[in-house]
There are 2 protein chains.
Amino acid sequence: MTNEKVGSAGDHVAPSDQTDPELDVLVREIIGRVADKWTMLILETLEEGGRLRFTQLGELVGGISQKMLTKTLRQMEADGLLTRTVYPVIPPKVDYELTELGRNLSSAFCGVWLWAERYREDIARARQSFTQRAEHARDKPA
Amino acid sequence: MTNEKVGSAGDHVAPSDQTDPELDVLVREIIGRVADKWTMLILETLEEGGRLRFTQLGELVGGISQKMLTKTLRQMEADGLLTRTVYPVIPPKVDYELTELGRNLSSAFCGVWLWAERYREDIARARQSFTQRAEHARDKPA
DNA sequence: CCGGATCCCCTGAGATACTG
DNA sequence: CAGTATCTCAGGGGATCCGG
């Protein structure tokens, strides 16, 4: 192990503390796809709701356009996070369900959700403080 | 705890399994901000690199425009995830460092990184399979 | 010379209408 | 009902300019 650069900033070593730069690129690409607002909300909604239909899913997610819903679902399907089942009936029926891979990601993301719940007050305070400091800076720039 | 609706789709209950809808809205808003590609990459870079300067940070993150770097950093600062220190020197020097809150988020997000590393092969396979099925569907639509 | 603000351009997200 | 097609416009990327 020639390259054992120790994380200087913490004890919980960075997970992508790879020797191989290629692997890091791959992982970053994946993160770039899953670390997305709609992806996460859809993931969570399906985790809670199980097997859901298109419109139903859209309503539960809330505030998402059909286009983004379709696009994000396709991408998630392509990445193997969920399965898309089309029933050849009229009116059409399509439902979505997480795969094992998707549920694993949901579990992994659980920590972020807990973080958000736990520290929401701190975040709210930080925002207020930031706004006030920004306003204050305008009064006394010198 | 009057409302103990059990998650029907899994044993690891959904983290935002709230009774209070208002709380859910707040948490979702936070998720919407932190579940962002650049936010996560910057977070991780700072976790690994400790205290970093603007340009340095941009290079380590890779592929980010100055505008997005500035904007994302400001937002993260506003949310209390990192501190921005300006040294009144010439040439200017500004560095960024995670706060406790930011490091906590980084820890929380660690699971997602591990997930990406662990399942990257499955994801790659899923993508290939999806592409092939999509192409195949064009040959035999009937 | 660094951090970042500004401008311009183009992708990509939102809203609406239409189709199988 | 579940999309696709179209339009519009905000938002992101790139280059340039600026203040310290």
Side-chain angles (χ1 to χ4, degrees), chain A residues 28-29 31-42 45-46 49-79 82-97 130 133-134 137-138 140-142, chain B residues 28-29 31-42 45-46 49 51-78 82-97 130 133-134 137-138 140-142:
Chain A
R28 295 230 169 186
E29 193 272 342
I31 293 293
R33 283 174 76 115
V34 299
D36 167 73
K37 178 185 175 182
W38 295 129
T39 302
M40 301 285 50
L41 292 175
I42 289 172
T45 304
L46 282 174
R51 179 176 277 252
L52 292 175
R53 298 184 58 175
F54 185 81
T55 307
Q56 207 178 358
L57 187 50
E59 285 167 2
L60 287 173
V61 168
I64 188 171
S65 67
Q66 282 188 17
K67 190 162 85 173
M68 280 313 291
L69 183 56
T70 303
K71 191 188 161 204
T72 310
L73 284 171
R74 286 292 144 77
Q75 185 172 308
M76 291 173 77
E77 187 195 0
D79 287 349
L82 51 81
T83 56
R84 176 173 180 268
T85 312
V86 183
Y87 299 87
V89 295
I90 296 172
K93 181 181 171 184
V94 179
D95 60 28
Y96 298 87
E97 189 177 24
F130 182 79
R133 268 179 294 137
R138 223 179 297 123
K140 202 193 79 173
Chain B
R28 294 227 170 189
E29 192 272 341
I31 293 292
R33 282 173 77 114
V34 299
D36 166 74
K37 179 185 175 182
W38 295 130
T39 303
M40 300 285 50
L41 291 176
I42 289 172
T45 304
L46 281 174
R51 180 175 276 253
L52 292 175
R53 299 185 58 177
F54 184 81
T55 308
Q56 207 179 356
L57 187 50
E59 286 168 1
L60 286 173
V61 168
I64 188 172
S65 67
Q66 284 185 24
K67 192 162 82 175
M68 280 312 291
L69 183 56
T70 302
K71 191 191 163 203
T72 310
L73 284 171
R74 286 291 142 76
Q75 186 172 309
M76 292 174 75
E77 187 195 0
L82 51 81
T83 55
R84 175 172 180 271
T85 312
V86 183
Y87 300 88
V89 295
I90 296 172
K93 180 182 171 182
V94 179
D95 59 30
Y96 298 88
E97 189 177 23
F130 181 79
R133 268 179 294 138
R138 223 179 298 122
K140 203 192 76 173

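Labels below follow one simple rule: chain letters A, B, ... track the order of the sequence lines, proteins then strands, and each chain is numbered from 1. Just the heavy atoms: all of them, side chains too, but no hydrogens, waters or symmetry mates, feed the values below.
If you measure from atom CG of Leu57(A) to atom P of dC1(D), you get 15 Å, rounded to the nearest angstrom. Spacing between atom CZ of Phe54(B) and atom P of dG20(D) amounts to 18 Å, rounded to whole angstrom units. Look at CD1 on Ile64(B): it is 13 Å from C1' on dG4(C), rounded to the nearest Å. The CG-P distance, from Leu52(A) to dC1(D), rounds to 15 Å in whole Å. In this structure, Arg33(B) atom CZ and dG11(D) atom P are separated by 13 Å, rounded to whole Å. Atom CD of Gln66(A) and atom P of dT6(D) are 16 Å apart (whole Å). Distance CD (Glu59(A)) to P (dA2(D)): 10 Å, rounded to an integer number of Å. For Leu73(B) and dG12(D), the CG to C1' distance is 16 Å, given to the nearest whole Å.
Put simply, Lys71(A) has no side-chain N or O that comes within less than 4.0 Å of OP1 or OP2 on dG12(C). Between dA2(D) and Arg84(A), no contact under 4.0 Å exists linking OP1 or OP2 to a side-chain N or O. Under 4.0 angstrom from either OP1 or OP2 of dA2(D) there lies at least one side-chain N or O belonging to Arg53(A). Proximity of Thr55(A) to the phosphate of dA2(D): a side-chain N or O atom is located under 4.0 Å from OP1 or OP2.
Heavy atoms of Pro91(A) sit under 4.0 angstrom from primed sugar atoms or phosphate atoms, though from no base atom. Nucleic acid contact for Tyr87(A): none, since no nucleic acid atom lies under 4.0 Å from a heavy atom of the residue.
With Thr83(B) contributing its side chain and Glu97(B) its backbone, the two residues share a donor-acceptor pair below 3.5 Å.
One distance of note links CD of Gln56(A) with OG1 of Thr45(A); it measures 11.0 Å at 0.5 Å rounding. With values rounded to the nearest 0.5 angstrom, Glu59(A) atom CD is found 11.0 Å from Phe54(A) atom CZ.
Residue Ile90(B) places its side chain closer to dG20(D) than to any other of dA5(C), dG20(D), dG13(D). Listed nucleotides: dA13(C), dG12(D), dG4(C). Nearest to the side chain of Met68(B): dG12(D). Of the candidates dA15(C), dT4(D), dG19(D), dA15(C) carries the atom nearest the Lys67(A) side chain, counting heavy atoms from C-beta on. Of the candidates dG13(D), dC1(C), dG14(C), the closest approach to any side-chain atom of Trp38(A) belongs to dG14(C).
Residues Phe130(A) and Arg74(B) approach most closely at CZ-O, 4.2 Å, considering heavy atoms.
A salt bridge links Arg33(A) with Asp79(A); the closest basic N to acidic carboxylate O contact falls under 4.0 Å.
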